[in-house]
Structure formats: C-alpha cells, structure tokens
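A short write-up of the structure that comes next.
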Amino acid sequence: MIKMVDLHKQDGCIRNDIDKAIADAVDECAFIKGAEVGTFEAELAHYVNAKYCISCGNGTDAITLALMAVGLRPGDEVIVPAFSFVAAAEAVALLGGKPVFADIDPRTFNIDCESVERVVSKRTKAIIPVHLFGQPCNMTGLMKIASNTGIVLIEDNAQSLGAKCIFPDGSKQFAGTVGTIGCTSFFPSKILGCYGDGGAVFTDSRELAEKIKALASHGQSIKYRHEYIGLNSRLDTVQAAVLRVKLPHVDKWIFHRRRAAANYNDMLSDLEMIGLPHEDSVGIHVYHQYTLTVPENDRDKLRRRLLENGIESMVYYSEALHTQPAYSGVCSYDKEMLNAVRLPASVLSLPIYGNISDIDQEVIVDTIRKFYKHN
C-alpha cells in the first residue's frame, strides 16, 4: 500500500533520536509542563520569526484560544472559508459567535478576498483565513481589508507551517505570523507532527501572548488566581520532546515535498482533464497536500482504481461547510458563492510526504494514465 503519509519512511532516519527523546522525557517524569515544552516553544518561535509561541492541546484549541484572546462575544461574526476543515468555524460557533462563510479561489482553494468584502458587516469581529493544503492565502489583500475595517486577522496555519507569504515589495514572511495571531496544529500527518495531538499559537503582541498563555491554563497567570474563564489545553512534555527532534528537519522535508510536487506536475501536465495544484505568486507552497481537480464523473471511479492498485488517496473536503447540518441554523454565507459548492465533487489528493520515492510516484501516475486511457 502506498500511503498518503508514510511516517515509517519519513521518520525512519531520526527514529533513534525520537526514541531517546521520549525515553528521556519518561525518565524525567515531568509529563506536564516539563522543560522540553518551553524550549520547544522558544525554538519554534525562532524558526517562524515570531516573538511569542504558546503551545496548547491541538490546533482547534489554538483557534479557540485566539478568538477568546481577542474578545469574541456571542453574536459577533467571524468570516471563514466555506471549503476547509471545520476547526475555524467550529471554534467560532462554540464560543457563541456566528460563522460567516466566504467563497474560495478555484485554483488555490484559499479564501477569496472579493467574497470576504461582500460578507463584511458591522458585526464582523475577525477573519480567519486558512492556508489550505500548504499554499498561503493572499495576505496582502486580507490585510488591506482588515486595516480598512478594524477587523482582527487570525491565521489558521495548521496545514502550512514553513510556507512563506510573498508581498508586492518582494519581501517574505512565514505564514501564520502576518496577522494579529497565527495558529497551527501538530497532528501526526502535518509537516511538523507529533505522536499524538498538539497545537500552538503565534503572536508578536506581549499582551496577547500573556493572555493566551493564561487562557490555556484555566485562565490563570498565577497558580489558583483565575483572571479569565479558560481552557485546560496543554502540549504534553513527551510530544514537545518529539517535536524538538523533528523541527530541524522541517526545511528538508519541505524541500522534498516540493520536489515530489514538481515530479507529479511533470508527469501529469499533459493530461488536460486534470487540474494540477496552483502555486500562487502570493506565497511559497509547501504541499501539505497535493490536490488535483478532476471531472466530477471521474473522481470516485479514479479513487477506486487507485485503491485497487494499492494506492491511498483522499477527498479533502467532501462538502462545503455552510451546507453541513450543524451550521444550518447558526451561520450565514456569501450568496454569490460558487466555487466552494462546486469543488468538493472534483478534488482528489494524492500521496505526498518528505520521503515519497520516485518509484511510488511513477506507480501512482501510471495508474492514473491507465485509468484515463481506458475511460
């Protein structure tokens, strides 16, 4: 089986280091708030060039903490993409806010600035762009909207750690560090993944960093002194130890992901019925996913053919969020939305990770070619 992400292959060369890091953490017996946690936060903040990094239990908690820190109140509106993982919309709704779904760009799958402008209202508290599949959003356009309206910009960077935004003057900045707050996830399949759940929040604001740190610890900045109603959301010491081993390898893994994506592009570029991932000029893609668009009538049949040949594939995501039952009574959406409704029937993601082999990619592409030759 060719897996979507084969952690045995990717982590194999550092397995001894990971095993030692876990063993050391176990020997230390400081499983909660051990020294590895603070050290990892400092190292990750340095990597993305953020002043502050606060770790937490998972990526959804990171978004929830960010919204709590900026003072989201019941009835406040937060603009989120309609084609995405549910975490951003879920965090808004759980806090009593109203998710407002915007459309996406059909090439990058990221939130569309024109759609955002159509749904901005006097009640809009924040915009949460999701840097989807490894491609940064148009942060120049979103920052302009945010600055003109006073709306807070919170980045969901769970899928794009290490990606860089590119600005009109040619400068670059890590995705997740452009807005007021950035959030990420260390789910095992992520580019930087732990061996369980984990997440983090980035900000350059000392005030927000202190508040988020307190909110993640039951709302207390001093033990048993509760300034806020908070959460219990912590990155375990063992997970921090694993992440510290992996962090120095992130750039290498991104390099190999980009190489693998280029291989796919070269081998698939002549199949006119397939839309290849688009690397927009506003950012450097890190290919957390390699996502094709294929004709609707072909997608499920192609996926079955791949599986018959021992190849995993995935559909991210199968339905626009504003059409999901959970959000039917608590959201609003751009009435001109087209792409977020149409694309779920066409997207298909192929295996990609830091150590995917050329041979595996050739097998995958050969299977796709044979499918279209006989269909």
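Everything numeric in this text was worked out from a predicted model, so none of it was measured.
- Taking the charged nitrogens against the carboxylate oxygens, Glu312 and Lys3 have no contact shorter than 4.0 Å, which rules out a salt bridge.
- Checking Tyr333 against Asp103 by side-chain atom types alone, no donor-acceptor pair falls below 3.5 Å.
- Minimum heavy-atom separation, Pro351 to Tyr264: O-OH, 2.7 Å.
- Under the 4.0 Å criterion applied to side-chain N and carboxylate O atoms, Asp27 and Lys20 are not assigned as salt-bridge partners.
- If you check the side chains of Thr108 and Asp280, you find no donor sitting under 3.5 Å from an acceptor.
- No side-chain N or O of Lys246 forms a donor-acceptor pair with one of His249 less than 3.5 Å apart.
- In this structure the side chain of Leu215 never reaches within 4.5 angstrom of the side chain of Ile229, judged on heavy atoms.
- Shown here is Asn49, whose CG atom has no more than 12 heavy atoms of other residues, nucleotides or ligands within 6.0 Å.
- Inspection of the His131 and Gln159 side chains reveals no N or O donor paired with an N or O acceptor under 3.5 Å.
- Nearest approach of Glu155 to Ala175, heavy atoms of both residues: OE1-C, 3.8 Å.
- Here Phe109 and Tyr316 keep their ring centres 6.0 angstrom or further from each other.
- Arg118 has a carboxylate O that lies under 4.0 Å from a charged side-chain N of Glu336, or vice versa, which qualifies the two as a salt bridge.
- Looking only at atom types and distance, the side chain of Asp11 has a donor-acceptor partner in the side chain of Tyr195 under 3.5 Å away.
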